[in-house]
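Counting starts at 1 for both ligands and their atoms, following the listed order.
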Amino acid sequence: MIESRNAKILLIYTGGTIGMMKDPETGSLKAFDFNNLLEKIPELKLLDCSITTISFINPIDSSEMNPDYWVQIADIIEKKYNENDGFVVLHGSDTMSYTASALSFMLENLNKPVVFTGSQLPIGDLRTDAKENLITSIQIASLMKNDAPIIREVCLYFEYKLYRANRTTKINAEHFEAFASLNYPELVESGVHLKVNKQFLLKPNLRRKLAVHKTMCTDIALIKLFPGISEKVIETIFSSPNLKGVILETFGAGNTPSSISFLQILKSAIERGVAIINVTQCSGGSVLQGKYESSKELEKLGVISGKDITTEAAVTKLMYLLGANVTNKALKTIFESSLRGEIT
Ligand code: ASP
């Protein structure tokens with residue numbers, strides 16, 4: 001524990017490149033003891049906050065992530081909520097946008113910052129981006145005014161920018177600037193000073209108490225359309241047993257093929273109670289159901305518009321709402337509204 005009179009920060013290590021080192025024999029990256037992570041960054045002792053740490057017993061590459069791990073993270077935050085002012089979650093970058101989006105829905109009425117970060121290069125690497133990402137994430141999570149946290153939402157910090165987590169997507173497997181938030185501006189920019197864009201921060205109702213939702217329904221599918229996609233394949237996915245929802249990644253402003261047979265597959269699925277969400281496969285911009293002839297029918301069938309939501313936020317929002325047993329009737333209205341700032 002690093003002592004300070006100021007903000008109390010809990011650092012949660014789940015795994016990912018940030019805490020890995022090269023196995024000298026095989027040359028491949030392996031997770032190492034989290035305590036060594038703090039030894040590797042003596043600069044942490046200079047920060048004006050108290051840091052405690054907690055680690056997954058077996059840190060993972062984030063490609064192993066799943067809702068059980070999301071619940072583990074939510075559990076830690078719930079148990080340590082009152083005794084900390086902010087949380088920094090170290091996570092592999094590959095699926096960070098999914099986990100961070102999921103947590104944004106699972107943590108309702110969050111009044112403190114939860115900042116996800118990671119790195120493209122391991123912390124021991126000479127040219128690592130890990131130190132800057134970690135140190136600035138802790139500084140951002142420590143920002144206080146009149147003894148209260150300035151940021152009160154789940155965010156993602158990478159390469160000098162803090163984003164709303166459920167607006168992010170990993171866009172690059174090599175560049176240090178690995179994430180983008182194309183439909184929502186940065187919350188904080190890190191330069192010589194930290195520039196907080198206060199007008200874009202989520203303003204939760206401070207009177208409500210944190211509610212942690214831990215049931216995520218995984219009976220869902222994600223279908224990315226492409227010209228020539230086989231209707232047989234689509235039909236097979238839609239007839240999977242127990243299927244409750246499908247995210248349909250469509251073209252441009254939410255367009256799909258308009259053949260009767262394709263629309264029939266969607267219609268009978270909706271009649272069976274399967275929720276269908278229309279999300280654009282473009283990285284930026286929004287679904288506008290009805291703008292073009294080809295999406296007018298979708299609106300009539302009762303397809304839910306994902307508007308400008310990311311696929312990551314759509315997947316996790318659907319898991320959350322189905323897990324909460326929201327009725328079919330209410331699902332469209334709730335999904336099309338902003339719950340945690342994920343939709344404009
Ligand atoms: N494969 C790693 C992970 O996502 C990559 C990273 O940490 O950035 O866990």
Side-chain angles (χ1 to χ4, degrees), residues 11-41 44 53-74 76 87-104 114-138 140-141 154-181 190 216 218 222 283 310-313 315-316 319:
L11 199 55
I12 304 168
Y13 177 54
T14 68
T17 302
I18 194 161
M20 290 187 175
M21 59 187 297
K22 262 202 183 118
D23 181 320
E25 273 159 33
T26 63
S28 63
L29 290 174
K30 289 198 319 195
F32 72 99
D33 186 352
F34 183 63
N35 293 320
N36 295 344
L37 185 76
L38 291 177
E39 274 169 33
K40 291 250 190 266
I41 319 178
L44 288 178
T53 61
I54 190 163
S55 169
F56 274 12
I57 295 169
N58 297 308
I60 56 166
D61 184 290
S62 79
S63 38
E64 310 289 346
M65 261 297 155
N66 61 43
D68 292 340
Y69 288 118
W70 300 343
V71 170
Q72 273 192 47
I73 301 170
I76 294 173
F87 302 84
V88 173
V89 184
L90 301 182
H91 192 289
S93 62
D94 290 348
T95 64
M96 194 189 298
S97 290
Y98 285 94
T99 303
S101 296
L103 266 291
S104 77
V114 174
V115 182
F116 277 76
T117 195
S119 65
Q120 293 282 53
L121 285 174
I123 206 125
D125 197 289
L126 261 186
R127 296 178 49 254
T128 189
D129 52 333
K131 285 192 184 186
E132 200 286 319
N133 285 348
L134 175 57
I135 290 170
T136 309
S137 293
I138 295 173
I140 287 173
V154 182
C155 323
L156 188 154
Y157 183 80
F158 228 86
E159 193 62 4
Y160 304 109
K161 286 181 186 137
L162 182 81
Y163 307 102
R164 173 164 302 153
N166 56 33
R167 293 292 194 148
T168 61
T169 305
K170 184 169 182 185
I171 46 142
N172 202 296
E174 286 174 20
H175 293 173
F176 286 147
E177 190 160 354
F179 290 86
S181 163
S190 167
M216 300 294 268
T218 54
L222 169 62
S283 334
T310 60
T311 296
E312 291 86 338
V315 165
T316 51
M319 285 181 170

Whether [X] side chain and [Y] backbone form a donor-acceptor pair below 3.5 Å:
X    : Y    : answer
S62  : M65  : no
Y157 : T136 : no
N133 : T117 : no
S190 : K161 : no

Quiz item: ligand 1: which residues have a non-hydrogen atom closer than 4.0 Å?
Solution: G16, T17, D61, S62, G92, S93, D94, S119
Quiz item: If you draw a 6.0 Å radius around CZ in F176, do more than 12 non-hydrogen atoms from other residues or ligands fall strictly inside?
Solution: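 More than 12 within 6.0 Å, yes.
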Quiz item: Does a salt bridge link E312 with K170, judged by any charged N lying under 4.0 Å from a carboxylate O?
Solution: no
